[in-house]
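Start at 1 and go down the list; that is how both ligands and their atoms are numbered.
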Amino acid sequence: MSDHDERIMRFLYALRSRGVTDARVLMAMERIDRGAFVRGLFAERAYEDMPLPIACGQTISQPSVVGLMTQALQLSPRDKVLEIGTGSGYQAAILSLLARRVYTVDRHRRLVREAVELFNTLGLANITALTADGSFGLPEQAPFDRIIVTAAAEDPPGPLLNQLRVGGIMVVPVGQSDTVQSLIKVTKTEDGLDYEELRPVRFVPLLEGLGQE
Ligand code: SAH
């Protein structure tokens, strides 16, 4: 077995042992090379289960958290998905293998530009990445079957809840920044919203407005 294969095997084993058991999610995480989304010094640690720094002072999430959030979305190949917080583009790339269409937005245009380059290089043609304040969602493309927020909000943003289809699922870390937040799964039903608390997490905060670069 090559070093590369062995690294992937250990990566998948770590994901499984942390609760990522959905076969389709694991297949997507096997196919998308996290190393491509981590630049410079930290690239060699891409297959460790830890968050890593990316440009604009942001972070690429811990792979097991990416896996658990993706799993919680219960994606079908017909789904139109909205991601708030493109960051490196890694989460969006995973989503793109499991859904029909992925819209992803970030408040930093540099991150969006770099992510778009990667999506093109990797031939991921069903992702649209945009620079915007994602707290307001993407009204022109709503409603969405699934919404994933990869920055922590104090409450699930109202516009995002409004842009979720009935029967849809939203996953969002909720809590004050710099403390432990809770990963929440919101399901929209005919009668309203069901909330399920999944696990403690720690994300960078959802900020207002656009970033400097
Ligand atoms: N999903 C990313 C990691 C996201 S880190 C990945 O796979 O790499 C959180 C991201 O949320 C950061 O890039 C930050 O710029 C972005 N962000 C924070 N507040 C935002 C907002 N209001 N609208 C859009 N993006 C936001």
* To do: State, to 0.1 Å, how close I94 and V66 come at their nearest heavy-atom pair, and which atoms those are.
  => CG1-CG1, 4.3 Å
* **Whether R101 side chain and K80 backbone form a donor-acceptor pair below 3.5 Å** => no
* Structure fact -> The option among L130, V65, L207, V38 carrying the non-hydrogen atom nearest to atom 22 (N) of ligand 1 is L207
* To do: Verify the distance criterion only: is there a donor paired with an acceptor across the side chains of T189 and D191 at less than 3.5 Å?
  => no
* Asked: Do E114 and R110 sit within salt-bridge range, that is, some charged N less than 4.0 Å from a carboxylate O?
  -> yes
* **Nearest-contact summary for atom 8 (O) of ligand 1 - protein heavy atom, Å** => S88 OG, 2.6 Å
* In ligand 1, which numbered atoms sit nearer than 4.0 Å to a non-hydrogen atom of E83? -> 1 (N)
* To do: Please work out which of G85, P205, A92 has its closest non-hydrogen atom nearest to atom 18 (C) of ligand 1.
  => P205
* For S135 and ligand 1, answer yes if some heavy atom of the residue is under 4.0 Å from a ligand atom, otherwise no. => yes
* To do: Give the numbers and elements of all ligand 1 atoms closer than 4.0 Å to a heavy atom of H108.
  => 15 (O)
* Main-chain N/O of A99 paired to N126 side chain as donor or acceptor, under 3.5 Å -> yes
* Going by the atom numbers of ligand 1, which of them fall below 4.0 Å from some non-hydrogen atom of L111? -> 13 (O)
* Which option out of I54, I94, D106 puts a heavy atom nearest to atom 16 (C) of ligand 1? -> D106
* Structure fact -> ligand 1 atoms nearer than 4.0 angstrom to some heavy atom of A132 are 23 (N), 24 (C)
* Asked: Which of the numbered atoms in ligand 1 are below 4.0 angstrom from a heavy atom of D133?
  -> 21 (C), 22 (N), 23 (N)
* Structure fact -> Rounded to the nearest 0.5 Å, the CD1 atom of I84 sits from the OG1 atom of T104 at a distance of 7.5 Å
* Asked: Should R146 and D79 count as an ion pair when the cut-off is N to O under 4.0 Å?
  -> yes
* To do: If you have a sec, work out which protein heavy atom is nearest atom 20 (C) of ligand 1 and how many Å separate them, to one decimal?
  => R107 CD, 3.3 Å
* Asked: When you check the side-chain N and O atoms of Q91 and S61, is any donor under 3.5 Å from an acceptor?
  -> no
* Asked: If you count the atoms of ligand 1 from 1 in the order shown, which ones are under 4.0 Å from a heavy atom of L206?
  -> 18 (C), 19 (N), 20 (C), 21 (C), 22 (N)
* Going by the angle between their ring planes, with limits at 30° and 60°, are F11 and Y47 parallel, tilted or perpendicular? -> perpendicular
* Of all the atoms in ligand 1, which lie at a distance below 4.0 Å from a heavy atom belonging to I60? -> 8 (O)
* **Under 4.0 Å to a heavy atom of T59 - the qualifying atoms of ligand 1, by number** => 3 (C), 4 (C), 5 (S)
* **Backbone of G19 reached by a side-chain donor or acceptor of Q71 within 3.5 Å** => yes
* Asked: Would you say G134 and ligand 1 have an N/O pair spaced under 3.5 Å apart?
  -> yes
* Structure fact -> Nearest non-hydrogen protein atom to atom 12 (C) of ligand 1, with distance, is Q58 OE1, 3.2 Å
* Structure fact -> In this structure, atom 7 (O) of ligand 1 is nearest to the protein heavy atom Q91 N, 3.0 Å
* Closest to atom 4 (C) of ligand 1 (judged by heavy-atom distance), picking from V66, T86, T150 -> T150
* Looking at CE of M69 and CD1 of I148, how far apart are the two atoms once the value is rounded to the nearest 0.5 Å? -> 4.0 Å
